[in-house]
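Just so we're clear, the structure is a prediction, and the values are computed from it rather than from any experiment. Start at 1 and go down the list; that is how both ligands and their atoms are numbered.
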Amino acid sequence: MGTSRREFIRMAGTGALILGFSPVLGGCVGVTRSDMTSGSTQEVPVPGLEASMAEILRLASLAPSGHNMQPWFVRRLKPYEYVIGMDKARLLPAVDPDNREAILSIGAFVENLCSAASSFGYDAQVEVIGTSASDEKLVKLTLTKTKPSGFPISRISSRRTVKKGFQQNPLSADHTNTLTAVWPGHIFYFNQDSRHAKCLPDWVAESFKYQTSRDDAQRELANCIRLKKSDALKFRYGLTTESMEITGVAGWYVRTFMNNEDVMGTTFRNQGIDQYSAMAKQGAGWIIITSEGNTVTDLIETGRRFERMALMVREMGIAIHPMTQILEEKRWRDQYTSLHRSAMEPQFILRVGYLDSYPDPVSIRRPVAWFLQT
Ligand SMILES: Cc1cc2nc3c(=O)[nH]c(=O)nc-3n(C[C@H](O)[C@H](O)[C@H](O)COP(=O)(O)O)c2cc1C
């Protein structure tokens with residue numbers, strides 16, 4: 001006897017809920033980064049831009065950003081002089097009202113740009129020109145020809161945020177030393193069972209739950225979720241089922257039967273809370289990055305150091321997952337900041353852990369032509 005469509009949907013729905021959005025089946029793959037460069041979605045050429053410059057900017061844009069908003073623009077002043085700025089249309093006022101995360105993300109973009117440029121034989125001089133977090137123009141960049149540095153650009157193209165599959169064993173002393181040396185006195189590692197880290201899983205879960213209950217924050221999330229392949233290809237920013245690691249049959253179910261309005265519903269919110277709370281308990285521990293202050297210069301530098309570290313971890317088999325809600329929600333931010341001395345502003349709370357096998361990047365990106373102003 002055949003199963004009716006209604007029954008099937010109910011069963012698929014129940015299955016997805018029971019499985020808790022876990023990966024189960026192969027062959028049910030949502031849109032990924034590799035879909036962005038094939039067939040009708042060929043990269044958009046930028047007339048008058050040297051091929052190496054276009055590639056440097058593309059690599060820069062593989063930087064991580066909150067909700068994958070890609071809050072940057074690049075303005076070309078001369079062939080080797082650029083301004084990097086904050087695109088005011090790509091901010092997240094409900095969860096990032098001070099543009100702190102937008103500027104950290106632009107710092108990561110600058111770091112990718114400098115590393116890629118060095119690999120192509122350019123020395124990049126960076127001058128922070130923004131003086132307030134609401135400024136549009138943040139960084140001036142001047143490139144001069146030099147010898148290629150040998151920096152492996154595969155580190156940029158293979159970096160990704162990972163959320164699932166973390167092992168519980170602590171980071172090795174060697175790895176800890178290498179990562180904290182990226183910014184001595186600012187990057188700290190805490191094992192999951194250390195005194196400092198003990199409060200983090202609970203606070204992450206509580207602050208996430210609170211944020212999920214805020215309709216403005218949830219609406220912001222809903223607006224940047226790309227459930228349909230056509231939307232992912234059209235907007236090329238935001239979160240896909242693959243980048244949220246809702247894979248297999250659960251991903252298929254969400255893509256097929258849910259829409260952006262469902263993100264505002266109780267089922268999606270509660271699933272998110274359960275998943276996030278469970279993830280916060282997994283892994284080796286936490287890396288915390290602090291800065292001295294919150295000036296544009298502090299935030300750009302912090303974003304750069306974060307990315308420098310993020311570009312190293314894949315080779316060590318270490319996953320990084322920013323869990324930012326503690327820093328976004330005032331009650332938890334005040335509580336957490338008070339544990340630090342002055343001139344020690346927590347800017348990144350990163351869950352870390354070893355993986356058995358490292359997945360390839362999947363998050364989508366806009367083509368260079370969309371963020372470059374010539
Ligand atoms: C400043 C900042 C904050 C972030 N906060 C979170 C977060 O709270 N939760 C999360 O799952 N991912 C977070 N991310 C990761 C982004 O969602 C991710 O970088 C983006 O989706 C692009 O994916 P990719 O890093 O794999 O390229 C954050 C990233 C940045 C740079």
Side-chain angles (χ1 to χ4, degrees), residues 21 31-34 36 58-72 86 90-92 94-96 98-112 155-164 166 200 203-205 207-212 217 220-221 224-226 232 235-246 272-273 275-280 282-283 286-287 289 291 299-300 302-311 313-314 319-329 332-333 346-352 358-366:
F21 294 156
V31 65
T32 69
R33 189 175 297 169
S34 55
M36 301 289 115
R58 188 189 71 81
L59 289 163
S61 78
L62 301 184
S65 58
H67 286 7
N68 193 26
M69 287 302 285
Q70 307 166 38
W72 43 75
M86 180 161 65
R90 323 187 66 75
L91 300 177
L92 296 168
V95 297
D96 184 29
D98 302 325
N99 301 336
R100 187 188 70 87
E101 291 168 45
I103 303 175
L104 290 171
S105 306
I106 291 169
F109 178 97
V110 169
E111 182 63 22
N112 271 9
R155 282 193 188 161
I156 299 177
S157 47
S158 64
R159 183 216 57 83
R160 64 162 286 170
T161 301
V162 187
K163 305 182 188 190
K164 291 192 177 163
F166 287 45
L200 284 172
W203 289 8
V204 164
S207 56
F208 184 85
K209 186 173 179 190
Y210 176 75
Q211 185 168 95
T212 301
E220 213 164 65
L221 176 69
C224 68
I225 288 187
R226 311 283 167 238
F235 293 105
R236 300 190 49 166
Y237 70 91
L239 305 169
T240 59
T241 49
E242 296 301 314
S243 73
M244 291 185 284
E245 297 188 40
I246 305 174
I273 293 167
Q275 286 289 295
Y276 216 70
S277 310
M279 283 191 278
Q282 290 156 12
W286 300 82
I287 285 181
I289 308 183
S291 65
L299 296 176
I300 293 286
T302 309
R304 290 194 66 180
R305 300 282 185 156
F306 159 68
E307 183 65 355
R308 207 170 296 170
M309 193 183 71
L311 294 178
V313 293
R314 188 181 179 118
I320 288 189
H321 180 196
M323 295 186 111
T324 315
Q325 290 67 35
I326 289 178
L327 301 177
E328 291 169 341
E329 299 302 331
W332 287 272
R333 186 179 173 99
Q347 302 292 4
F348 278 102
I349 299 180
L350 308 167
R351 189 168 60 93
V352 292
Y358 219 104
D360 284 331
V362 289
S363 60
I364 55 180
R365 288 297 185 282
R366 291 176 297 155

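Residue contact check: Ser363 has heavy atoms under 4.0 Å from atoms 22 (C), 23 (O), 24 (P), 26 (O), 27 (O) of ligand 1. Which parts of ligand 1 touch Leu239 is read off a 4.0 Å heavy-atom cut-off, strictly below it: atoms 21 (O). Of all the atoms in ligand 1, the ones that sit under 4.0 Å from a non-hydrogen atom of Arg33 are 27 (O).
Under 4.0 angstrom from ligand 1, there are no non-hydrogen atoms of Met279. Only the side chain of Arg365 comes within contact range of ligand 1, with a heavy atom under 4.0 Å; no backbone atom does. Counting heavy atoms closer than 4.0 Å to ligand 1, residue Val362 contributes nothing at all. Only the side chain of Tyr276 comes within 4.0 Å of ligand 1, judged by heavy-atom distances.
Note: no N/O pair closer than 3.5 Å links Ala63 and ligand 1 by distance alone. Checked by distance only, ligand 1 and Arg160 stay at 3.5 Å or farther apart across all their nitrogen or oxygen atoms. In terms of polar-atom proximity, Ser105 is not counted as a contact of ligand 1, lacking any N or O under 3.5 Å from an N or O of the ligand.
Side-chain atoms of Arg351 never come within 3.5 Å of backbone atoms of His321 as a donor-acceptor pair (strictly under, hydrogens ignored).
The side-chain heavy atoms of His67 and Leu221, taken from C-beta on, include a pair separated by under 4.5 Å. In this structure, the side chains of Asn68 and Cys224 stay at 4.5 Å or more apart for every pair of heavy atoms.
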Notebook entry, point to check: Between Arg160 and Glu245, does a salt bridge (Lys or Arg N to Asp or Glu O under 4.0 Å) hold up when you go through it step by step?
Noted result: CA-CA 12 Å; Arg160 64 162 286 170; Glu245 297 188 40; 3.2 Å; yes

Checklist line | side-chain hydrogen bond (donor to acceptor under 3.5 Å, both in side chains) between Gln347 and Arg100, worked out | finding: CA-CA 8 Å; Gln347 302 292 4; Arg100 187 188 70 87; 2.7 Å; yes

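Remark: distances from the non-hydrogen atoms of Arg159 to ligand 1 include one below 4.0 Å. Heavy-atom distances between His321 and ligand 1 reach below 4.0 Å in at least one pair. For the ligand labelled ligand 1, residue Gly66 lies inside the 4.0 Å heavy-atom shell. For Arg100, the closest heavy-atom approach to ligand 1 does not fall below 4.0 Å.
Each of Leu92, Val95, Asp96 was scored for a side chain to side chain contact (heavy atoms under 4.5 Å, CB included) with Glu328, with one residue passing: Val95. For the side chain to side chain contact (heavy atoms under 4.5 Å, CB included) criterion with Val31, the lone passing option out of Thr240, Val362, Thr241 is Thr240. Here the options are Arg159, Arg314, Arg33, the test is salt bridge (Lys or Arg N to Asp or Glu O under 4.0 Å), and the partner is Asp360; only Arg314 passes.
Counting non-hydrogen atoms of other residues, nucleotides and ligands closer than 6.0 Å to OH of Tyr358 gives a total above 12.
Taking each of Ser243, Ser65, Pro322, Pro64 in turn, the one with a heavy atom nearest to atom 17 (O) of ligand 1 proves to be Ser65. Comparing Val162, Thr161, Thr324 by heavy-atom distance to atom 5 (N) of ligand 1, the nearest is Thr324.
Ion pairing between Glu111 and Arg155 fails under the 4.0 Å rule for side-chain N and carboxylate O.
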